[in-house]
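What follows is one structure encoded as structure tokens, with my remarks underneath.
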Amino acid sequence: MTASQHSASSSGRSELALMEGFEMPTHEQWQQQVEKVLRKSGLLAEGAPTPAAPETLLAETTHDGITVQPLYTADRDVPQAGVPGLAPFVRGSRADGCVAGGWDVRQCHAHPDAAATNREILADLAGGASSVWLRLGRSGTTVEDLPDALHGVHLDMAGVVLDADEHFGEAAEALLKLAAEEEVRPSALRGNLGADPISVHARTGQAADHAPVIDLARRCAESYTGLHAITVDGLPHHDAGGSDADELGCSMAAGVTYLRLLTAPAPAGAGLDIDTAAGLLEFRYAATVDQFLTIAKLRAARRMWERILRACGASEPARAQVQHAVTSSAMLTQRDPWVNMLRTTIAAFAAGVGGARAVTVQPFDAALGLPDGFSRRMARNTQSLLLEESHLAQVIDPAGGSYYVEQLTDDLARTGWEWFQRIEAAGGMSAALDSGLVADTLAATWSQRQESIADRSDPITGVSEFPDLDETPLRRDPAPESGDEHKARNALPRHRYAEDYERLRDAADRHLAESGRRPRVFLATLGSLAAYNARASFARNLFAAGGIEAPEAGVTESTRELVNAFTESGTSLVCLCSADKVYAERAEDAAQALKQAGASVVLLAGAPQDPPPAGVDGFVHTGGNALEILTDIHRRWGSANGAKQ
């Protein structure tokens, strides 16, 4: 026996020996441990009967109605994901993933000044970007200034993606003319001409002309074989507050609309075969801070699109979806914007793991206006770190085989497919936009999402949770107007998840600027520091989310001490803070005394009681509607201080 054989044999015996004496744990044993933890934490009351499946108490539900379980096992019955590079392309559209050269680092440019745009483009390309996403028209520089914006860019080396709203035809002509003047071979051009009248329709509520799409598609098919002609953009639906399945269904319906247009005989269509038509489309999706939903969404999108093209008779290679992932605008905050760097890092990670062919990381200050040089550099370097230091692209489909990811992919694909079928049954994407079906569905999702944001079950770090009341707001030059004031009735709105809290913060800042003080709630702390600190910290954090100061009384042994501190607080709004035991002894007496001393409203930090202690007007507690409480405090503060003025 050779040394290597002896080593292998010894290793095998060691592994077998290590496993001896251990039994494979059963699912029932795991459930017993879950029950113990639930009872210890109070989620399952002592003496309450044992549920058949105690882990259901730890399950969560997404905005698509998908239940996320705390544990996934091999027992899950989900369709086979296949292998990378082959149908149904769940595991990636290419067999080698992004191993060869990484994904396309695509940075967005929307400065209205062409010279500034040009400087930013050249800096991004020199700093690691591999393609340019150029916004034109209302959301960027003018179409006429496109040559100046792209001055010095080697069009045969860096891809260019256009985004010009309803002016996509003129923008495409300007780019192709510039390429011809610079003697770039048509087949050497890379990128996307950005034709997307459906997105224009979605954002404005007004149908856009589809005729230029036909001409651009034919020209790309004949000569500009490295260019996509059409963008199928899911961002308008995501930005309107839609869910992941909402975005998936809308993108599929839009993609099918374009396929019909491109394959229809002339003059109504481009007269292209299905393989050629499919190759002219690039899909754009939002990547969010929920990394697993983002990964699953990109995988589900490829599976859904493959199914559509298979039904249309496309060959297997043509059924691979090309994806561009963009870090979500809706998740970005104006307050404590530095946290956005963490959000976009997680989102970019998820986009890469999910198999996106191109990724755009938005600068952390994008929600404030035009990004500066530092924020653009951080956005580029986020991708450089993931690619060059973390070597993320060197693993093909790292999420593949995860029971959770495979199940979530299946759930999203099925839910998104049902929504896609509803749109098709309504007459297709254009008809669904005109009828209001899309707007109404997304509005319902947004309303549901608002409730989760309001009660902080969907927390926003730095805004609804752990806000910095003393932060110095960043200032940026305003971004170009989007033309939203001209929207029709069924136009999709643009939301940011933090917008309601940030409106309150803005109002508080105006109070500070006008009167020298913010809205204020006095924390009537009862008893010792140990008794009141937990709930006082909770209340202070909640009030700060609305820009509201919360001075506290400190340690108080008597109601007289509490009332004296209140009279010096400069507010008539009060929140009692202490432990339940102290509340039982002092809450009613304190609340009534505070009312007699001039308190207009007295809240209590803790679980609601029915009936409430005498003198208590409401409760501040985990799971309560924080936005309602904060808005009411602002209203009361404004009324009181307005009367004084």
Side-chain angles (χ1 to χ4, degrees), residues 24-35 37-38 41 43 51-84 88-93 97 238 243-249 285-304 306-307 321 323 325 328 331 342-343 345-356 386 390 392-393 395-419 449 452 457-459:
M24 181 68 70
T26 65
H27 187 72
E28 290 71 22
Q29 289 175 315
W30 175 77
Q31 287 180 313
Q32 292 170 5
Q33 297 302 314
V34 170
E35 181 185 355
V37 172
L38 290 173
S41 66
L43 292 175
E55 67 271 20
T56 57
L57 296 176
L58 299 174
E60 297 181 350
T61 303
T62 72
H63 294 295
D64 287 309
I66 295 170
T67 300
V68 177
Q69 301 292 345
L71 179 69
Y72 290 84
T73 67
D75 295 334
R76 295 276 170 172
D77 183 21
V78 295
Q80 291 295 317
V83 298
F89 300 105
V90 172
R91 303 196 60 194
S93 57
H238 172 81
S243 65
D244 295 287
D246 290 340
E247 188 180 357
L248 286 171
Y285 293 107
T288 72
V289 74
D290 192 322
Q291 64 176 15
F292 288 109
L293 276 175
T294 296
I295 293 167
K297 177 171 65 177
L298 295 175
R299 300 170 100 247
R302 293 193 294 270
R303 170 176 153 185
M304 294 169 69
E306 189 276 336
R307 180 178 178 183
Q321 187 185 66
Q323 296 176 332
S328 165
M331 74 176 181
L342 305 178
R343 295 185 178 98
T345 298
I346 295 171
F349 172 89
V353 170
L386 292 173
S390 299
L392 192 61
V395 180
I396 304 171
D397 188 29
S402 161
Y403 301 133
Y404 172 38
V405 171
E406 300 295 4
Q407 180 68 58
L408 192 56
T409 298
D410 184 58
D411 289 340
L412 271 179
R414 293 179 183 277
T415 307
W417 191 263
E418 290 175 2
W419 171 226
R449 192 186 296 275
S452 300
S457 54
D458 278 355

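Positions are given from 1, in the same order as the sequence printed here.
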To the nearest 0.5 Å, what is the distance between [atom1] on [X] and [atom2] on [Y]?
X: Gln323; Y: Arg302; atom1: CD; atom2: CZ; value: 4.5 Å
X: Ile66; Y: Thr415; atom1: CD1; atom2: OG1; value: 4.0 Å
X: Phe292; Y: Ile346; atom1: CZ; atom2: CD1; value: 11.0 Å
X: Gln291; Y: Thr345; atom1: CD; atom2: OG1; value: 12.0 Å
X: Thr409; Y: Leu293; atom1: OG1; atom2: CG; value: 10.0 Å
X: Gln69; Y: Thr56; atom1: CD; atom2: OG1; value: 7.5 Å

What closest approach, in Å, do [X] and [Y] show between heavy atoms, and which atom pair accounts for it?
X: Pro54; Y: Pro51; result: CD-O, 3.5 Å
X: Phe349; Y: Leu386; result: N-CD1, 3.7 Å
X: Ala81; Y: Pro88; result: O-CD, 4.0 Å
X: Ser41; Y: Leu38; result: OG-O, 3.0 Å
X: Pro79; Y: Arg414; result: CG-NH2, 4.2 Å
X: Gly82; Y: Arg91; result: O-CD, 3.1 Å

For the pair [X] (side chain) and [Y] (backbone), establish whether a donor and an acceptor sit closer than 3.5 Å, ignoring hydrogens and angles.
X: Thr73; Y: Asp75; value: yes
X: Lys297; Y: Gly354; value: no
X: Thr294; Y: Thr288; value: yes

With heavy-atom distances below 4.5 Å as the criterion, would you say the side chains of [X] and [Y] are in contact?
X: Arg303; Y: Asp410; value: yes
X: Phe89; Y: Gln321; value: no
X: Gln29; Y: Gln33; value: no
X: Val68; Y: Asp411; value: no
X: Met304; Y: Leu248; value: yes
X: Leu71; Y: His27; value: yes
X: Val90; Y: Arg299; value: yes

Handout entry: Arg76/Glu406 salt bridge by N-O under 4.0 Å criterion
Key = no
Practice task
Name all residues meeting the side-chain contact (heavy atoms from CB on, under 4.5 Å) criterion together with Ala399; count only those two or more places apart in sequence or in a different chain, and write none if there are none.
Solution key: Ile295, Val353, Asp397, Val405
Practice task
Go through the structure and list residues passing ring-ring contact (aromatic ring centres under 6.0 Å, His included) with Trp419, not counting sequence neighbours.
Solution key: none
Fill in the blank from the handout: Residue set satisfying ring-ring contact (aromatic ring centres under 6.0 Å, His included) with Tyr403, at least two apart, ordered chain then number -> none
Practice task
Flag yes if more than 12 heavy atoms outside Glu60 fall under 6.0 Å of its CD atom; otherwise flag no.
Solution key: no
